[in-house]
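Keep in mind that what you see is a predicted model, and the values were worked out from it rather than measured.
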Amino acid sequence: MADMNFAAEARNALDRSRQGAPSVAQKMTLEKARKTAQDFETFFLAESLKPMFENLDAEEPFGGGHAEQMWKSMQVDEYAKAISKRGGVGIADAVLEQMVRMQENSHGRQ
């Protein structure tokens, strides 16, 4: 029974691809591109936030040392991830748009 359902789903997918519906590979490529664009925005935001936290020192008895510097760096990265996940500042959208444009241009030349 499961094989029949799989076969039917495969036929439906093939019919949709013939009708011009996006293939699974195209959808996966778009998802990868979106993830890459969001990762770029997260990196950019983290680099932009770092100077804001450079001169902040923790109060005694918890301040100082290598652990604090490592924790502060991780905290900045998490702030950047949180900002990006909640819509960011628009960098991911712009990067994704350019990535899609470049993809379309490269397919047009083939």
State, with a plain yes or no, whether a side-chain heavy atom of Lys85 is found less than 4.5 Å away from one of Gln38. yes
So OG of Ser48 and CD1 of Ile91: to nearest 0.5 Å the spacing works out to 6.5 Å
Check Glu47 with Lys50, please: is the shortest side-chain N to carboxylate O separation under 4.0 Å? yes
Determine, for Arg101 against Glu97, whether the closest basic-nitrogen to carboxylate-oxygen distance falls under 4.0 angstrom. yes
Closest heavy-atom pair and its distance - Ala46, Ala80: N-CB, 3.5 Å
Distance (rounded to the nearest 0.5 Å) between Leu49 CG and Gln75 CD: 10.0 Å
Between Ala92 and Ala37, the two heavy atoms sitting closest are O-CB, 3.4 Å
Salt-bridge criterion met for Lys35 and Asp39 (N-O under 4.0 Å): yes
Could you check whether any side-chain heavy atom of Glu41 comes within less than 4.5 Å of a side-chain heavy atom of Val95, counting everything from C-beta outward? no
State the CG-CZ distance between Asp77 and Phe43, to the nearest 0.5 angstrom. 9.5 Å
If you round to the nearest 0.5 Å, how far is CZ of Phe40 from CG of Leu45? 10.0 Å
Are there more than 12 heavy atoms of other residues, nucleotides or ligands under 6.0 Å from atom CZ of Phe53? yes
Does some side-chain heavy atom of Val100 sit less than 4.5 Å from a side-chain heavy atom of Leu30? yes
Is Val89 reachable from Tyr79 through a run of I, L, V, M, F, W or Y residues, each pair having side-chain heavy atoms under 4.5 Å apart? yes
Can you check salt bridge (charged side-chain N to carboxylate O under 4.0 Å, His left out) on Lys81 and Glu78, steps first, answer last? CA-CA 5 Å; Lys81 285 178 191 175; Glu78 290 302 313; 3.2 Å; yes
